[in-house]
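All remarks here apply to the structure that follows.
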Amino acid sequence: MDKILIKNVTILTMNKAKEIIENGVVVISGKKIIDIGDSSLESKYKGFFIIDGNGGILMPGMVNCHSHVSMVAFRSLADDEADRLKKYILPLEKKLVDKDLVYNGARYGICEMLLSGVTTFCDMYYYEDEVARAASRLGIRAILGETIVNFPSPDSKEPYEGLAYCKEFIQNWHKNDLITPAVAPHAPYTNDSEHLIKAYNLSQKYKVPLTMHVAEMDYEYKKYKEEYNMTPVQYLDSLGILDKNFIGAHLVLVDDKDLDILEEREVGISHNIGANSKGAKGVAPAVKMYKRGMKIGLGTDGPMSGNTLDIMTQMPLVGKIHKLFNSDRTLLPAKDIVEMATIGGARALNMEHLIGTIEIGKRADLVILETESVNMQPIYDYYSTIVYSANPSNVDTVIVNGRIVVKSKKILHVDFNDIRRSLLDMKDKILSATKEI
Ligand SMILES: [Zn+2]
């Protein structure tokens with residue numbers, strides 16, 4: 001089905017003028033949007049498969065700029081423990097993470113994303129080939145980075161073996177239409193400067209993105225202050241590795257000078273407020289970043305950190321936490337938050353030429369939210385409805401690259417029960433390993 005016509009929807013284009021078309025029509029041919037307009041368009045396109053949006057809201061697919069999707073296998077473990085990364089996450093990963101866990105976790109987590117209207121995500125983990133396999137099978141767009149760390153990891157016996165894995169991974173996937181392979185040094189504090197530069201050079205050589213955690217941890221900030229009298233951002237800039245291809249996750253502990261650097265270098269930013277607030281990491285200066293016109297999108301982080309993989313639960317948190325933190329209810333109007341969730345995320349990932357808005361020529365990555373559920377009415381402002389009234393259960397239809405992947409709130413083309421079974425089959429093993437830690 002490569003010719004689709006969507007009708008009876010309110011289209012939030014998220015284009016520059018933020019046009020909204022009521023009772024609108026969007027026409028898709030192959031992977032692309034070929035026409036947009038009012039209901040009169042329907043008579044022009046005969047023989048197209050019709051999706052009747054039933055008065056719903058059609059918006060661009062949402063972009064999750066930072067995740068570790070396979071960690072859904074560990075979701076809800078040790079949520080309230082101190083120093084959880086070192087006490088739980090790293091030991092659990094060492095014991096349990098293998099190809100099967102990464103593949104089964106990725107399949108399940110990608111279903112969660114698709115069912116909630118995420119059509120593109122940026123991921124970082126081990127055995128990233130398995131994530132790519134799952135993403136490709138399920139039909140979601142993704143930037144996927146193999147993790148590079150200075151210690152032996154689930155898929156490498158020696159420190160920094162991730163670099164060699166990464167090179168092969170890029171070669172395996174760089175021709176895939178939906179998958180963009182990436183280089184993912186975990187963080188400044190888990191890579192020395194020599195290997196950060198090697199990772200950067202690898203990303204330059206193959207012209208792929210580089211994504212990493214930056215300025216998230218107190219000890220990270222302290223380390224670079226003590227050793228170099230620099231912030232983590234200034235340290236990375238001194239290595240010459242910050243540029244347009246860099247996608248930084250978190251960027252919580254940043255000052256105005258850091259913002260100047262990040263803006264100048266055109267670094268993409270994943271703002272992960274759900275994970276940052278749950279982990280008590282602090283509030284990133286996202287309002288300043290957005291007002292400067294920086295490349296800021298939203299991310300969930302891994303499901304151990306933020307517990308969900310959907311962007312709809314991030315949006316109200318972004319609004320509420322920044323308003324509360326700054327004692328100003330006028331900050332970040334809902335329209336700006338929907339922008340971050342869509343075209344903002346696309347800009348952060350350097351994909352704004354392909355996705356993020358509903359415009360002729362762009363890829364058909366689209367979401368229909370139904371407006372019949374009790375929480376969705378009345379609607380006086382579409383953006384407020386999306387940010388503050390809606391939740392992932394209102395996502396009715398999802399299209400990625402012109403292919404319908406969710407219809408009537410059900411995932412298509414795969415057996416979700418089988419995917420769930422594969423994830424839950426690992427539960428006993430995970431639970432007993434947790435008890436031994
Ligand atoms: Zn993360």
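Counting starts at 1 for both ligands and their atoms, following the listed order.
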**Asked** So, the side chain of Glu146 versus the backbone of Glu128: is there a donor-acceptor pair under 3.5 Å, distance only?
**Response** yes
**Asked** How about the Zn ion (ligand 1), which protein N, O or S atoms come within less than 2.8 Å?
**Response**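 For the Zn ion (ligand 1), the protein N, O and S atoms that sit under 2.8 Å away are His66 NE2, His68 NE2, His213 NE2, Asp301 OD1.
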Name each donor-acceptor pair under 3.5 Å that joins a side chain in residues 269-285 to protein atoms two or more places apart or in another chain, with its distance.
unit_1	atom_1	unit_2	atom_2	d
Ser270	OG	Asn272	OD1	2.6
His271	NE2	His322	NE2	2.9
Asn272	OD1	Gly299	N	3.4
Asn272	ND2	His250	ND1	3.0
Asn276	ND2	His250	ND1	3.0
Ser277	OG	Ile273	O	2.8
Ser277	OG	Gly274	O	3.0
Lys278	NZ	Asp79	OD1	2.9
Lys278	NZ	Met304	O	3.1
Lys278	NZ	Ser305	O	3.3
Lys278	NZ	Asn307	OD1	2.7

**Message:** Under 4.0 Å between a side-chain nitrogen and a carboxylate oxygen: does that hold for Arg421 and Asp418?
**Reply:**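 Answer for the salt bridge query: yes.
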**Message:** Set out, in order, the CA-CA distance, both residues' side-chain angles and the distance that settles salt bridge (Lys or Arg N to Asp or Glu O under 4.0 Å) for Lys295 and Glu263, then state yes or no.
**Reply:** CA-CA 8 Å; Lys295 293 159 53 181; Glu263 187 178 354; over 6 Å; no
**Asked** Is there any side chain to side chain donor-acceptor pair (under 3.5 Å) pair reaching into residues 195-205, and which pairs are they, with sequence neighbours excluded?
**Response** Asp192-His195, Glu194-Lys198, Tyr200-Gln204, Tyr200-Asp243, Gln204-Asp243
**side-chain contact (heavy atoms from CB on, under 4.5 Å) partners of Leu412, counting only residues at least two apart** = Ile404, Lys407
